[in-house]
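Take a look at the structure set out below.
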There are 2 protein chains.
Amino acid sequence: MSSREATNTNAPRVLIVEDEEALSLLLAYNLEAEGYVVERCERGDDAELLLLEGPPDLVILDWMLPGVSGIEICRRLRAREGTRTLPVIMLTARGEEDERVRGLSVGADDYVVKPFSVPELMARVRALLRRAAPERIAGRLAAGDIELDRETHRVRRGARDVHLGPTEFRLLDRLLEKPGRVFTRAQLLDAVWGNTAEIDERTVDVHVGRLRKALSHGREPDPIRTIRGAGYAFDETFGR
Amino acid sequence: MSSREATNTNAPRVLIVEDEEALSLLLAYNLEAEGYVVERCERGDDAELLLLEGPPDLVILDWMLPGVSGIEICRRLRAREGTRTLPVIMLTARGEEDERVRGLSVGADDYVVKPFSVPELMARVRALLRRAAPERIAGRLAAGDIELDRETHRVRRGARDVHLGPTEFRLLDRLLEKPGRVFTRAQLLDAVWGNTAEIDERTVDVHVGRLRKALSHGREPDPIRTIRGAGYAFDETFGR
DNA sequence: GTCTTCATGACAAACCCATGACATCTTAAG
DNA sequence: CTTAAGATGTCATGGGTTTGTCATGAAGAC
């Protein structure tokens, strides 16, 4: 987890709205170190503009701000359709603590009192983003006598349980998502491995082989089709 | 374990969406005889309205419907948060069988081909409700010879009392809430430890280990499944 | 036949998980 | 208040799986 992609387009975007520059920079630095894309601004009214352009994945909001107050921004976020569920962490100075109820009632998802430890805030950011992440549609994929259950992570062929390693599981999942469709090795690397960067395309062959062996233990027909020069596909005519 | 009062408010509610009235009435009659509360409707778009009002505990859905098709309803159920795990049994005429893959991929939990025997359908209804039930019956979760009572905060395995620390108790509670489902460490941290996410994910391992040791004191089989690279699940096949 | 593409066994490294030990913190008892 | 017992989170260790690569041979394409 050490080397960080420079501009990963999938990285969560975080907006920091904080007028105390030292703090703002500190947070930005640490967030970027964890791979987030960070935007900063100092005034409440500026934040409004940024939020209109394209909402980030999370907002860190100071309570007291020049321009429009943090609490007001939060209220407006909650009122607008596109940002209603946008995770918000509110920062507040000690002494404003009694305002806590009010802060949460406006719709902040979490609440941190200054001074706080950076690791603590990082943890809360992670937690909120984790919770906001759209859950994978849990369901069951099936074709012929082969079944894959995303919820229980179980794979069966006929009556027998099939044991797959994590990679083979994801590979079958991907293939089964669209039976018949041909996936190039590059596409499979992208979907199954995520970081297509430093993995040899031939590795896909090996994993397809392993998947085949696991699925066709005896003399059962091979459900995976090799398309020479193109890639692999789950055989849509399989089981008919 | 299943005899129920006729108008028990806790009785599971079943919604039948079927345009063939004879069949619809037959099913309703048999389901009510087993103590379920039954609602019927004939059109797909009517079903949508009923489902919005208050989701039942199970839906029996005809494939071909006037208005909105069964498959479409199922897809929408799966897309909406509150009904994502709502059990669905799909009815289809012979000849539509080849659409089976599509039906299951949309997220139906079970699939029955007309004509079918009534006892068979009843069995499937029972099976599905049993699987989904633990979520609803507040107070007591059970699977195999393991029992967890939320009221008395007590856990038993067979005849013996199992002593668990608070964390292990909540952990088992969470796992037992949806037997079979795989929970990632992050999800377990959220559910069991709460929002203070400054906890290492590996800590979950330790507590699962402790839970295992407490549950399987002697040579009893381990009811918790480790899914490499994914998380943990209570083994739903446990005790069958 | 020849060249390209794919299948497969072998293997070392990396990875992931189970477990015991331990320091800290909480709770209960004396 | 003091002490003991219990619970909790972290860590280091060790064992088993998984994984990516490579070498070799088989199968297709032309």
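The sequence lines fix the lettering, A, B, ..., with proteins before strands; numbering per chain opens at 1.
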- How many angstroms lie between CG in A:D57 and CG in A:L128, if you round to the nearest 0.5 Å? 12.0 Å
Please write out each protein N/O paired with an N/O of nucleotides 24-26 of chain D under 3.5 Å, distance rounded to 0.1 Å.
none

Give a yes or no on whether a salt bridge exists between [X] and [Y], defined as a side-chain N under 4.0 angstrom from a carboxylate O.
| X | Y | answer |
| --- | --- | --- |
| A:D149 | A:R156 | no |
| B:D145 | B:R157 | yes |
| A:E168 | A:K213 | no |

Distance check needed: [N] [atom2] versus [X] [atom1], whole Å only.
| X | N | atom1 | atom2 | result |
| --- | --- | --- | --- | --- |
| A:I199 | D:dT21 | CD1 | C1' | 11 Å |
| B:E168 | D:dG6 | CD | P | 14 Å |
| A:L188 | D:dG20 | CG | P | 13 Å |
| A:R185 | D:dG20 | CZ | C1' | 15 Å |

[X] side-chain N/O to [N] phosphate OP1/OP2 under 4.0 Å:
| X | N | answer |
| --- | --- | --- |
| A:H163 | D:dT18 | yes |
| A:T167 | D:dT19 | yes |
| B:W193 | D:dT8 | no |

Please confirm whether the backbone N or O of [Y] pairs with a side-chain atom of [X], one donor and one acceptor, at under 3.5 Å?
| X | Y | value |
| --- | --- | --- |
| A:E18 | A:E20 | yes |
| B:R212 | B:D222 | no |
| B:R228 | A:L164 | no |
| B:Q187 | B:T184 | yes |
| A:D62 | A:V17 | no |
| B:R225 | A:T152 | yes |

- Strand-adjacent residues in residues 200-208 of chain A, judged by heavy atoms under 4.0 Å from DNA chain C: A:R202, A:D205, A:V206
- Task: Answer with base, sugar-phosphate or nothing: what part of the nucleic acid does A:R212 contact at a heavy-atom distance below 4.0 Å?
- Result: sugar-phosphate
- Message: Over all strands shown, is A:F169 touching base, sugar-phosphate only, or nothing at heavy-atom distances under 4.0 angstrom?
- Response: nothing
- Message: Quick check: on DNA chain C, is the nucleotide nearest A:I227 upstream (toward 5') of the one nearest B:G229, or the reverse? Name the residue that is more 5'.
- Response: A:I227
- Taking the nucleotide of DNA chain C with the closest heavy atom to each, which residue, A:K213 or A:R228, is nearer the 5' end? A:R228
- Task: Of all the heavy-atom pairs spanning B:V162 and B:A214, show the shortest one and how long it is.
- Result: CG1-O, 3.6 Å
- Between B:P221 and B:S216, the two heavy atoms sitting closest are O-OG, 3.6 Å
- Task: Take the C1' atoms of the five end pairs on each side of the helix from C:dG1-D:dC30 to C:dG30-D:dC1, derive the two axes, and give their angle rounded to 10 degrees.
- Result: 30°
- Hits for salt bridge (Lys or Arg N to Asp or Glu O under 4.0 Å) against B:R154, two or more places apart or cross-chain, chain-then-number order -> none
- Query: How would you list, by chain and number, every residue that makes a salt bridge (Lys or Arg N to Asp or Glu O under 4.0 Å) with A:D200, sequence neighbours excluded?
  - Reply: none
- Min and max contacting nt of DNA chain C in 5' to 3' order, chain A heavy atoms within under 4.0 angstrom, are C:dT4 to C:dA10
